[in-house]
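Counting starts at 1 for both ligands and their atoms, in listed order. These figures come from a predicted structure and were not determined experimentally.
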Amino acid sequence: MNGIKLRGTGSCLPSRILTNGDLARRVDTTDEWITTRTGIRERRVCTGETHSGLCTAAARTALKRAGVTPGEVGVCIVATMTADAVIPSAACTLQKTLGLPADTLCFDLNAACSGFLYALHTMECLLAAAPRKFGLVVGCDVLSRVVDWSDRSTCILFGDGAGAAVVEWRAAWPSIGAVLGCHGNTELLYCPGPGSRDDPYLSMEGQKVFKFALEAVPWCMDRVLERHGLTAEDVDVFVFHQANARIIDLVAKKYRIPAEKYYKNIECRGNTSAASIPIALSELEAAGRLPDGSRALLVGFGGGLTWGGALIEIGRNV
Ligand code: ACO
């Protein structure tokens, strides 16, 4: 025992919609190719918006829905690889914009598209020792900043956005039972940092990452279900990282998950990296699909290579 429950979620997307047609005017691609291979029709990209602005708006909605004030937050983690600055971190900036107490532990965490799962697990561990038992976990990425807009194999995939979750920790609650992992690899997915002499763009071996995802997602699901002594039928909703509709559909088929029990928004969001799972949670909550006491199984995978899964219960009126 010792665990967190989900109190409330929020999200924020930039206003500019970039359609497949817009991309077909920039690179040698077609709406038909992108839709068939990825399930994506459009994505949001930042024009005037900042990373910090997206994080703040998503966090404010999550706090409001959770009925939690900034003064009650003990730990704030932002999962990201594209913050506005290296210093201050996005989490330190959030401390300022939200007015979190000065003794709130605030830091950024980079596990690419698995960032939200890594952050949830880290949050559960840290809240046990934190001054206040509410935690704010934000996933935000502005991948349009690191995408090579002349590379048709990657620029069609990504979108920008932020998602946030407020969680509560109690000694009597069971753990989310997170499973996490990593295989250091610079060939399959790579994005250089400041100081690197490489081209400053994200590159990916799409097919190999696709195969990795089809192994990582079932591995995470099996381990998480095993840890909780549950089967897939016991889960109320599945939220997978939104990287490719084909990956989600293949996993849903393998586990015979009915359509109403898993979520797909990739058609209009694209792959928003660390934000994809909390954005999906926020949209599910807004649609009334995360009732109190329900259980959500979350699975992320991505650059690193990294992967992670966890089962979180919705605990709004506890
Ligand atoms: N339009 C038209 N043709 C294209 C495009 C495009 N946008 N992109 C590639 N092609 C071509 C290729 O050049 C290739 O042509 P060729 O056969 O003449 O060589 C052909 O289409 C097939 O290319 P593949 O890369 O084999 O296409 P695939 O079916 O694998 O789809 C995709 C590519 C969508 C990237 C897929 O591999 C994928 O989704 N991979 C997983 C991505 C993922 O899960 N990422 C998660 C992590 S992201 C992160 O952590 C930041």
Counting only heavy atoms, which portion of Trp33 has something under 4.0 Å from ligand 1: side chain, backbone, both, or neither?
side chain
Of Val142, Leu109, Asn110, Asp108, which meets side chain to side chain contact (heavy atoms under 4.5 Å, CB included) against Met81?
Asn110
Please examine the side chains of Leu136 and Val138, heavy atoms only from C-beta on, and report whether any two atoms are closer than 4.5 Å.
yes
Please say whether more than 12 non-hydrogen atoms of neighbouring residues, nucleotides or ligands are located less than 6.0 Å from CD in Glu260.
yes
Please say whether Gly303 places an N or O atom under 3.5 Å from an N or O atom belonging to ligand 1.
yes
Phe301 heavy atoms within 4.0 Å reach ligand 1 at atoms 44 (O), 46 (C)
Ligand 1 versus Asn244: contacting region, heavy-atom distance under 4.0 Å:
side chain
In a check of side chain to side chain contact (heavy atoms under 4.5 Å, CB included) between Val237 and each of Leu297, Leu290, Leu298, which one passes?
Leu290
Hey, is ligand 1 close enough to His241 that some N/O pair sits below 3.5 Å?
no
I'd like to know if Ala213 contacts ligand 1, where contact means a heavy-atom distance under 4.0 Å to any ligand atom.
no
Per atom 41 (C) of ligand 1, closest listed option by heavy atom (Gly302, Gly206, Gly115)
Gly206
For atom 34 (C) of ligand 1, which candidate among Leu214, Asp31, Thr38 provides the closest heavy atom?
Thr38
CH2-CG distance between Trp149 and Leu23, expressed to the nearest 0.5 angstrom
6.0 Å
Looking at atom 17 (O) of ligand 1, tell me if a protein heavy atom falls under 4.0 Å from it.
no
Please indicate, with yes or no, if any protein heavy atom is found under 4.0 Å from atom 45 (N) of ligand 1?
yes
Could you tell me whether Ile34 approaches ligand 1 through its side chain, its backbone, both or neither, with non-hydrogen atoms closer than 4.0 Å?
neither
To the nearest 0.5 Å, how far apart are SG in Cys113 and CD in Gln242?
11.0 Å
Closer than 4.0 Å: a protein non-hydrogen atom to atom 25 (O) of ligand 1
no
For atom 51 (C) of ligand 1, what's the nearest protein heavy atom and its distance?
Cys113 SG, 3.4 Å
Report the part of Leu189 (side chain from C-beta onward, or backbone N, CA, C, O) that has a heavy atom under 4.0 Å from ligand 1; answer both or neither where that applies.
side chain
Yes or no, since that's all I need: does a protein heavy atom fall within a distance strictly under 4.0 Å of atom 1 (N) of ligand 1?
yes
Carefully, step by step, assess Thr38 and Leu157 under the rule side-chain contact (heavy atoms from CB on, under 4.5 Å).
CA-CA 8 Å; Thr38 70; Leu157 298 171; 3.7 Å; yes
Show your reasoning for whether side-chain contact (heavy atoms from CB on, under 4.5 Å) applies to Tyr118 and Leu180.
CA-CA 7 Å; Tyr118 269 64; Leu180 303 163; 3.7 Å; yes
Hey, can you tell me if Tyr262 and Phe240 have their rings parallel, tilted or perpendicular (30° and 60° cut-offs)?
tilted
Closest to atom 15 (O) of ligand 1 among Met81, Arg152, Lys208, Gln242 (heavy-atom distance):
Arg152
Given 3.5 Å as the limit, does a donor-acceptor pair link the side chain of Arg170 with the main chain of Lys5, or not?
no
Does some side-chain heavy atom of Phe116 sit less than 4.5 Å from a side-chain heavy atom of Ile279?
no
Is the closest heavy-atom distance from Phe212 to ligand 1 below 4.0 Å?
no
Just heavy atoms, cut-off under 4.0 Å: does Ile247 contact ligand 1 by side chain, backbone, both, or neither?
side chain
Look only at interatomic distance and state if Ser273 has a nitrogen or oxygen under 3.5 Å from any nitrogen or oxygen of ligand 1.
no
Ligand 1 to Arg37 polar contact by distance, N or O atoms, under 3.5 Å:
yes
